[in-house]
Amino acid sequence: MAMEWTAALYEAFVGTLIDVFPIAAILVFFQLVVLRQSIPHLGRVLLGFVYVIFGLSLFLVGLQEALFPIGELMATQLTDPDFIAPGRDITSLDWTDYYWVYLFAAAIGFSTTIAEPSLIAVANKASVLTGGTINGRGLRIAVAIGVALSIAVGAFRIVTGTPLYLYMIVGYAFVVLQTIYAPRMIIPLAYDSGGVTTSTVTVPLVTALGLGLASTVPGRDAVLDGFGLIALASLFPMLSVMSYAQAGAWMAARRSKRATGNPNSKTAPTQPGSQQ
């Protein structure tokens with residue numbers, strides 16, 4: 001077992017080193033050749049790259065050896081007819097019998113998104129650049145709620161066997177409509193939030209969940225039905241982040257009205273010669 005883990009860690013380390021090297025080479029080339037400037041804080045930069053390589057290596061091994069298998073295993077167990085409806089024929093089950101699957105999908109979508117490193121980075125930058133106007137934790141929670149809804153809807157799609165394109169057409173129609181009314185400051189960030197959810201933590205678990213469901217639900221195909229959850233995970237966060245911004249703007253407007261009084265009330269004009 002120790003040898004297997006050592007070999008997996010070595011492979012992940014070499015793969016990460018190969019993946020990170022082009023990034024480092026491009027940065028060094030532009031800094032030294034194009035900009036003709038020395039690299040500031042070279043020691044800290046090199047130490048940071050070492051942390052990135054080792055951290056990603058350990059992270060990838062953990063995903064492959066722990067999170068990915070357990071996600072697929074739980075999807076298989078949750079769709080087991082003996083768990084869903086003991087004693088019933090599997091062909092008699094309908095979509096309402098899979099409520100534990102939807103709950104698990106929502107929970108795993110929320111928790112993986114909260115832990116997503118790319119989302120944490122975007123949320124922290126947004127908070128800093130806006131001077132705290134955009135709350136980093138609130139943004140992460142809004143995105144996580146969107147992903148939770150998307151994975152639950154994606155599980156429902158797999159169970160029912162409905163086409164993916166219907167969800168995408170309706171979803172992006174809502175995105176376009178909401179873009180018209182959402183605060184302009186939040187729109188680019190909302191669109192980016194849909195992309196950062198499809199990263200190192202969310203993708204392996206969500207993919208495992210989809211493949212596990214499609215492999216165990218009767219009449220589903222792993223290739224045709226098992227994929228597509230990631231597409232929904234990129235769609236719903238845009239809706240949730242813009243809804244979060246709209247709710248925040250509405251609450252701020254209400255607080256402003258309460259602080260200044262009723263804006264529709266008119267002060268009676270002062271008559272000439274009256275006492276002040």
Side-chain angles (χ1 to χ4, degrees), residues 102-103 105-156 166-202 206 229-276:
Y102 310 140
L103 181 61
I108 204 69
F110 185 90
S111 58
T112 55
T113 305
I114 286 291
E116 190 64 66
S118 55
L119 176 60
I120 295 174
V122 169
N124 290 341
K125 283 296 182 182
S127 179
V128 170
L129 293 176
T130 60
T133 302
I134 296 177
N135 182 272
R137 184 165 184 81
L139 177 64
R140 288 170 59 195
I141 292 175
V143 174
I145 291 174
V147 175
L149 291 174
S150 70
I151 305 303
V153 171
F156 170 81
L166 296 178
Y167 296 87
M168 302 304 293
I169 292 173
V170 174
Y172 276 104
F174 275 106
V175 168
V176 172
L177 182 63
Q178 200 170 14
T179 302
I180 299 173
Y181 299 101
R184 291 183 61 186
M185 181 181 66
I186 203 68
I187 292 174
L189 184 58
Y191 278 63
D192 282 348
S193 298
V196 297
T197 57
T198 55
S199 191
T200 50
V201 178
T202 308
V206 170
L229 290 179
I230 304 301
L232 292 173
S234 301
L235 169 62
F236 276 69
M238 293 187 281
L239 296 170
S240 63
V241 170
M242 286 190 282
S243 299
Y244 167 69
Q246 288 173 304
W250 179 76
M251 293 176 64
R254 287 198 62 182
R255 286 195 298 266
S256 178
K257 286 184 179 181
R258 289 176 180 176
T260 59
N262 188 358
N264 295 325
S265 62
K266 296 182 179 179
T267 305
T270 303
Q271 297 295 329
S274 62
Q275 293 183 350
Q276 301 295 324

Nearest heavy-atom neighbours spanning A144 and T113: CA-CG2, 3.7 Å

Separation of T112 OG1 from I151 CD1 (nearest 0.5 Å): 7.0 Å

Among D192, V143, V196, I145, the one residue meeting side-chain contact (heavy atoms from CB on, under 4.5 Å) with P237: V143

Gap between atom CZ of R137 and atom CD1 of I120 - 0.5 Å precision: 9.5 Å

Within-4.5 Å side-chain heavy-atom neighbours: F236 and T197: no

Any I134 side-chain heavy atom under 4.5 Å of I186 side chain: yes

Backbone of A123 reached by a side-chain donor or acceptor of S127 within 3.5 Å: no

Set of residues satisfying side-chain hydrogen bond (donor to acceptor under 3.5 Å, both in side chains) with respect to S243, sequence neighbours excluded: Q178

Nearest-0.5 Å distance that lies between atom CD1 in I180 and atom CE in M242: 10.5 Å

Pairwise side-chain contact, M168 with L232, heavy-atom cut-off 4.5 Å (strictly under): yes

Heavy-atom side-chain proximity of L139 to L189 below 4.5 angstrom: yes

Y172 vs M238 side-chain heavy atoms within contact, under 4.5 Å: yes

Nearest-0.5 Å distance that lies between atom CZ in F110 and atom CG in L149: 10.5 Å

A106 versus A148, closest heavy-atom pair with distance: O-CB, 3.2 Å

V175 side chain near L239 side chain, heavy-atom distance below 4.5 Å: yes

Minimal non-hydrogen separation, S240 against A142, with atom names: OG-O, 2.8 Å

